[in-house]
Protein chains: 2
Amino acid sequence: MISVEDARSRILASLGPTPAETIPLPAAWGRVLARPVVARLTQPPADVSAMDGYAVRAADAVEGATLAVTGTAPAGHPYAGVVGPGEAVRIFTGGFIPQGADAILLQEDAAPDSGRVRVNETVKPGRWVRRQGLDFAAGEKLLPAGRRLTARDIGLAAAANHPWLTVHRAPRIGILATGDEIALPGEPIPPGGIVSSNAHALAALVRAGGGDPLVLPIAPDDTSTIAEAARAARACDLLVTTGGASVGDHDLVQAALGPEGFTLDFWQIAMRPGKPLIWGMLGPTPVLGLPGNPVSALVCAVQFLLPALARLSGGEAGPPRTVPARTGVALAANDRRFDHLRARLETGPEGGLVATPFPVQDSSMLKTLARAEGLVLRAPHAPALPAGAPVEVIPLGELGI
Amino acid sequence: MISVEDARSRILASLGPTPAETIPLPAAWGRVLARPVVARLTQPPADVSAMDGYAVRAADAVEGATLAVTGTAPAGHPYAGVVGPGEAVRIFTGGFIPQGADAILLQEDAAPDSGRVRVNETVKPGRWVRRQGLDFAAGEKLLPAGRRLTARDIGLAAAANHPWLTVHRAPRIGILATGDEIALPGEPIPPGGIVSSNAHALAALVRAGGGDPLVLPIAPDDTSTIAEAARAARACDLLVTTGGASVGDHDLVQAALGPEGFTLDFWQIAMRPGKPLIWGMLGPTPVLGLPGNPVSALVCAVQFLLPALARLSGGEAGPPRTVPARTGVALAANDRRFDHLRARLETGPEGGLVATPFPVQDSSMLKTLARAEGLVLRAPHAPALPAGAPVEVIPLGELGI
């Protein structure tokens, strides 16, 4: 058995970003840039007014003065003339500052009267002028390669005049559920069988992680059907299997994949839930074999599949983010397996986060996992803790899963 | 001018969830349930083995005993017979416990030998048996209406045998950018003009909030084109406009919408960036008029559009979540407008969050907004604060925007 950290490092070391594709700007939200976004223009393109008012020569705009209004400069309609001594031009937010003017008289400080305007408050030079390039200059690198694009980034790339962006292709993740006992929801359930929940829970998790899930038909416990599915998945960036990974007479995934060229890297991890886990290569396609137990499969997916997706997507990849909390109940000493206690999170009386693990932590309890707000991490051989002791928690809500 | 809280309350009070639709389970991730998910079966469907081993009668399985192995019970293949005295059945995780057996002898505590198995450790009654219904029972309500579905919920609904789910329709949000001075990226830029960033930044934000954006053609500053676009948007659950909301001769949105049946609720908010904001109804369609300034538009969208989307989607709706932090620099006293300082977030030497506002907070600086990790909130008339003082921050990353 290897540690969670070792397993994640070995998985990430064998993966690289998908190749680039060029897509329309509106499709790029949440994708990772493969090339930086460089400003194609300067913003603002000229000195502009930050307010509604009058473009003036500050030297003339002293309290009590009256200026001749010689034109208007709304945004998008620059004033072609020059503001001469004793003159003003009506201007609006975003309007280009006309030649000759060097400041803005706010409209609330101005009293217009038949073609003239009285200055009610003296104007300082440069006041309410946004300088050309205040936001960015042409040629400036605005967003680096490797950046996962936010809505704000989409706005910035638009402002920099990019109708297209070059991003890493969304990683295609094949998902293969195996087992004689499972059926999809709404299908006839075989005797002694259960409804398969892994494939679609993992597909949703793949979407949350920015991937493109490909749910393969369920493979019964039979080497030929598993091998056939594995061949179908060669076009994927990663094949995820569930089930068939544990010790026992019915562990067929390894047996089925061997003749297809599967090479195993490791297959057991010192963690709970989720000890039986396979990592290897099927020809060029990496394979992550998750446990069949739905809770184990999802917890392993948080520790390994989400980081793998981040790496394949071209973004930063590492352990899931944790937050500090205090345990709401006493915790027993841990054994040698890194544990993930399904817990409720709430704000404690002193404002900090309190994580309270559910009393029964059986790894078959999907309902408990769904209701959990976080996973309390317990390192191998962690000592017993009293209620109120500090713990680290993976907050599940922010992962979108 | 009304307060941010009043404005949000008035917006939310006038909105309700969209009607329901029934969609396939895999499409439901991130959507909000309109009807609860009730278990259609019991899970596990019978008493099952939690481990690989032998189903035994605990009374017989004492250390040193030898039992006759009379069959096998892998998951999906129940053993049809009865485990009699002195007998055992080979079983695997998830296999149904055969009649007569009441406990599991772990395979690591068993020594099999030609049709018999020796017990190396005495077994307690009920050991390693998962009881029927441990996870959930048929008829149990598993997920309530109003729940935004996580990947784990998708798994739980699948396990409860639901191929379809009934959710609120994704709210369709019309987005109308106005202004003579703006052009879409890659299009010819009019003299004195800039590239429009609002429409696509807001479209990405709408996607992040679970909505379905409809980007309308840019409307020049002309009442007839704005009115035409407004008519096109009547099929939307909400129309968002940008630009044309500020004081001044060129504020046309209100003028253009009036003849179309627009009724104004309020139009100025004591906040920065973002004072000019319109809220009203265009016939049956609510209208949110955001400022034309991209930073103001996005900050207003965080305070008002994301909560509106949550309400329309059928989920819980309220103010954006804030987290406590300490300011990295001294902050000046605030005026009467609720302020949102664009800030970097980092973990301080004592483990807490430190929020450091950028030195220049001009509301035209989209690059600064894109680089910000949080918005430091400053209430109206908040006093000056020294570096290290506590502040509340909206963390932008977790909003997906």
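In the text below, chain A, chain B and the rest are named by the order of the sequence lines, each starting its count at 1.
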Query raised in the report: chain B: which of Ala73(A), Ala208(A), Ala160(A), Pro294(A) shares the most heavy-atom pairs with it under 4.5 Å?
Result: Ala208(A)
Report summary line: Answer key: most heavy-atom pairs under 4.5 Å with chain A among Arg207(B), Glu181(B), Arg371(B) is Glu181(B)
Requested in this report: Considering only heavy atoms and a distance below 4.5 Å, find which of Asp153(B), Leu134(B), Leu41(B), Leu298(B) pairs most often with chain A.
Outcome: Leu134(B)
**Report entry** Winner by heavy-atom pair count (cut-off under 4.5 Å) against chain B, out of Glu398(A), Glu140(A), Glu187(A)
**Finding:** Glu140(A)
Query - Greatest number of heavy atom pairs closer than 4.5 Å to chain A - which of Ala301(B), Ala372(B), Gly94(B) - result: Ala372(B)
Query raised in the report: Ile154(A) and Ala204(B): which non-hydrogen atoms are nearest, and at how many Å?
Result: CG1-CB, 4.2 Å
Query raised in the report: In terms of heavy-atom pairs under 4.5 Å, which option from Ile182(A), Val360(A), Asp180(A) contacts chain B the most?
Result: Asp180(A)
Report task. Identify which of Ala199(A), Ala39(A), Gly400(A), Ala28(A) forms the greatest number of heavy-atom pairs closer than 4.5 Å to chain B. Result -> Gly400(A)
Query - Proximal component of His200(B), with respect to chain A [non-hydrogen, under 4.5 Å] - result: both
Query raised in the report: If you tally heavy-atom pairs under 4.5 Å against chain B, which of Pro26(A), Ser364(A), Pro190(A) wins?
Result: Ser364(A)
Report summary line: Turns out that what part of Ser363(A) lies under 4.5 Å from chain B's heavy atoms comes down to both
**Report entry** Side chain to side chain, Ile194(A) and Pro44(B), heavy atoms closer than 4.5 Å
**Finding:** no
Query raised in the report: Going through the checks in order, is the side chain to side chain contact (heavy atoms under 4.5 Å, CB included) test met by Gln43(B) and Ser197(A)?
Result: CA-CA 12 Å; Gln43(B) 182 60 25; Ser197(A) 62; over 6 Å; no
Requested in this report: Please look at Arg40(B) and chain A and tell me whether the side chain, the backbone, both or neither of the residue comes under 4.5 angstrom of a heavy atom of that chain.
Outcome: neither
Report task. Using a cut-off of under 4.5 Å on heavy-atom pairs, state which of Leu369(B), Leu184(B), Ile189(B) scores highest against chain A. Result -> Leu369(B)
Report task. Sort out for me which of Ala158(B), Gly76(B), Ala201(B), Pro185(B) touches chain A most, counting heavy-atom pairs under 4.5 Å. Result -> Pro185(B)
Query raised in the report: Pick from Ala370(B), Gly397(B), Gly186(B): which one has the most heavy-atom pairs with chain A under 4.5 Å?
Result: Ala370(B)
Report summary line: Shortest non-hydrogen pair, Pro45(A) vs Gly193(B), comes out as CG-O, 3.9 Å
Query - Residue part contacting chain B, namely of Pro78(A), when any heavy atom lies under 4.5 Å - result: side chain
Requested in this report: Let me see the working for Arg152(B) and Leu366(A) under side chain to side chain contact (heavy atoms under 4.5 Å, CB included), right down to the final yes or no.
Outcome: CA-CA 8 Å; Arg152(B) 295 167 287 145; Leu366(A) 190 51; 5.5 Å; no
Requested in this report: Tell me, for Ala203(B) versus chain A, whether the close heavy atoms (under 4.5 Å) come from the side chain, the backbone, both or neither.
Outcome: neither
**Report entry** Asn293(A) portion near chain B, given a 4.5 angstrom heavy-atom threshold
**Finding:** side chain
Query - Leu396(B) and Thr150(A), any side-chain heavy atoms less than 4.5 Å apart - result: no
Query raised in the report: Roughly how far apart are Arg131(B) CZ and Asp362(A) CG, rounded to 0.5 Å?
Result: 12.0 Å
Query raised in the report: Among Leu202(A), Asp135(A), Leu25(A), which has the most heavy-atom pairs under 4.5 Å with chain B?
Result: Asp135(A)
Report summary line: If one checks every heavy atom of Ala46(B) against chain A at 4.5 Å, the contacting part turns out to be neither
